[in-house]
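For clarity, every value in this text was computed on a predicted model and none was experimentally measured. In listed order, ligands and their atoms are each counted from 1. Heavy-atom basis, side chains included; hydrogens, waters and symmetry copies ignored.
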Amino acid sequence: MNYLNVAIAAAQRAGAVHKKYFRKIFAVKTKSTSFDLVTIADKEAEKEAVSLIKKHYPSHNFICEENLYPRNACEYTWIIDPLDGTNNFVCGIAIFCVSIALMYKNKLLVGVVYDVINQELFYAESGKGAFLNGKRIYVNKVDDLKHAMLITGFYYNRDKEMVKTLNTIKRFMFKHILGLRRLGSAALDLCFVACGRAAGFWEFELSPWDFAAGKLIIEESGGIVTDNRGAKPPLTSKHFIVASNGKIHERMLRVINEGK
Ligand code: IPD
Ligand code: CA
Ligand code: CA
């Protein structure tokens with residue numbers, strides 16, 4: 001099995017865990033705030049994905065949402081969100097996924113995002129294009145904000161970042177964009193840009209496990225992912241993320257930065 005096949009197999013393991021618990025009764029705990037949730041499905045999905053990958057690559061490193069793993073000198077790192085969209089999952093809303101990326105040094109090699117309920121498997125390998133269920137995908141050709149469907153996300157912050165997010169939404173709405181969605185799963189939001197359903201996405205603060213796989217999938221679909229200044233976001237720390245089909249990127253950055 002190559003890296004991509006291992007990543008897909010790990011995503012399928014996590015997907016099976018999602019399916020097992022979705023819309024059933026399960027324990028829910030809070031993390032940093034009352035609206036930052038974690039379930040047995042998050043934990044079990046991470047265990048399944050990590051153990052499968054470890055069997056193939058015992059020396060590789062892991063950056064995952066639910067656990068800290070000891071780091072070693074190996075230059076390969078798997079970046080995993082075992083369940084992206086936990087709040088949707090808890091509410092029985094079928095918008096969530098598992099997100100798995102493999103990075104060598106600072107370069108993404110593989111990205112896989114799997115939505116088990118809707119049976120959508122997005123994946124990309126560096127330099128080889130991006131795919132949805134085996135079919136090549138591309139970003140859309142929308143080149144003005146007026147025709148752009150945009151997606152945003154709210155980080156678990158109801159202070160300054162939230163005020164900035166709400167003000168940015170206001171500015172975009174008054175540019176008469178086609179529409180704005182808040183779907184609740186950043187990894188899927190990025191894949192929706194990659195396959196042309198949306199023209200752009202932004203969120204004030206995302207963790208590497210939210211955006212690593214989606215970033216490669218968008219880039220391999222012809223789009224771009226930057227921070228709010230138009231620079232490359234680092235893959236190992238929380239960051240502002242702006243993603244688009246490329247054609248509306250500058251315009252999005254202008255609207256986002258107008259509030260400063
Ligand atoms: C969250 C989702 C959400 C985004 C948050 C993320 P989680 O991930 O991706 O859409 O707005 O910033 O933290 O907690 O469900 O894995
Ligand atoms: Ca997440
Ligand atoms: Ca998560």
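When only modelled atom types and interatomic distance are considered, Thr86 and Asp42 share a side-chain donor-acceptor pair under 3.5 Å.
Within 6.0 Å of the NZ atom in Lys128, the count of heavy atoms belonging to other residues, nucleotides or ligands does not exceed 12. Within 6.0 Å of the NZ atom in Lys24, the count of heavy atoms belonging to other residues, nucleotides or ligands exceeds 12.
Electrostatic pairing of Lys43 and Glu48 does not count as a salt bridge here, judged by no charged N lying under 4.0 Å from a carboxylate O. A salt bridge does not link Lys215 with Glu220: none of the charged nitrogens is closer than 4.0 Å to a carboxylate oxygen. Salt-bridge formation is detected for the pair Lys20/Glu44: a Lys NZ or Arg NE/NH1/NH2 atom is positioned less than 4.0 Å from an Asp or Glu carboxylate oxygen. The existence of a salt bridge linking Arg254 and Glu258 is excluded, since no basic side-chain nitrogen approaches an acidic carboxylate oxygen closer than 4.0 Å.
Criterion: ILVMFWY side-chain heavy atoms under 4.5 Å apart, direct or through other members. Under it, Ile63 and Leu102 are not part of a common hydrophobic cluster. Tyr69 and Met103 fall into different hydrophobic clusters, where Ile, Leu, Val, Met, Phe, Trp and Tyr residues are linked whenever their side-chain heavy atoms come under 4.5 Å apart, directly or through other members.
Less than 4.0 angstrom separates some heavy atom of Gly153 from each of these atoms of ligand 1: 11 (O). For ligand 1, the atoms lying closer than 4.0 Å to a non-hydrogen atom of Leu206 are 12 (O). For ligand 1, the atoms sitting less than 4.0 Å from at least one non-hydrogen atom of Gly85 are 7 (P), 15 (O), 16 (O), numbered in the order shown with element in parentheses. Of all atoms in ligand 1, listed by their number and element, those nearer than 4.0 Å to a heavy atom of Arg182 are 3 (C), 10 (O), 11 (O). Close contacts between ligand 1 and Asp81 involve ligand atoms 16 (O) [criterion: under 4.0 Å to a heavy atom]. Contact atoms of ligand 1 toward Thr86: 15 (O) (distance under 4.0 Å to a heavy atom of the residue). Against a heavy-atom cut-off of under 4.0 Å, Asp84 is close to the following atoms of ligand 1: 1 (C), 2 (C), 7 (P), 8 (O), 9 (O), 15 (O), 16 (O). When each atom of ligand 1 is checked for a heavy atom of Phe154 under 4.0 Å away, the hits are 5 (C), 11 (O), 12 (O).
In terms of protein heavy-atom proximity, atom 6 (C) of ligand 1 is nearest to Asp210 OD1, 4.0 Å. Of the protein's non-hydrogen atoms, Glu203 OE2, 3.4 Å is the one closest to atom 5 (C) of ligand 1. At the top of the distance list for atom 14 (O) of ligand 1, counting protein heavy atoms only, stands Tyr156 OH, 3.0 Å.
The closest donor-acceptor contact from the side chain of Thr39 to the backbone of Ala41 lies under 3.5 Å.
Protein atoms of type N, O or S found under 3.0 Å from the Ca ion (ligand 2) total 3.
Note that Lys54 lies in the cation-pi zone of Phe62, set by a 6.0 Å cut-off to the ring centre and a 45° limit from the axis.
Residue Ala186 has at least one N or O atom closer than 3.5 Å to an N or O atom of ligand 1. Residue contacts with ligand 1: Ser185 is placed with a nitrogen or oxygen under 3.5 Å of a nitrogen or oxygen of the ligand (distance criterion only).
Ring centroids of Phe192 and Phe201 are separated by 6.0 Å or more, keeping the two rings apart. In summary, the aromatic rings of Phe204 and Phe154 are positioned with their centroids too far apart to meet the 6.0 Å limit.
Within the structure, ligand 1 has Leu83 among the residues with a heavy atom less than 4.0 angstrom away.
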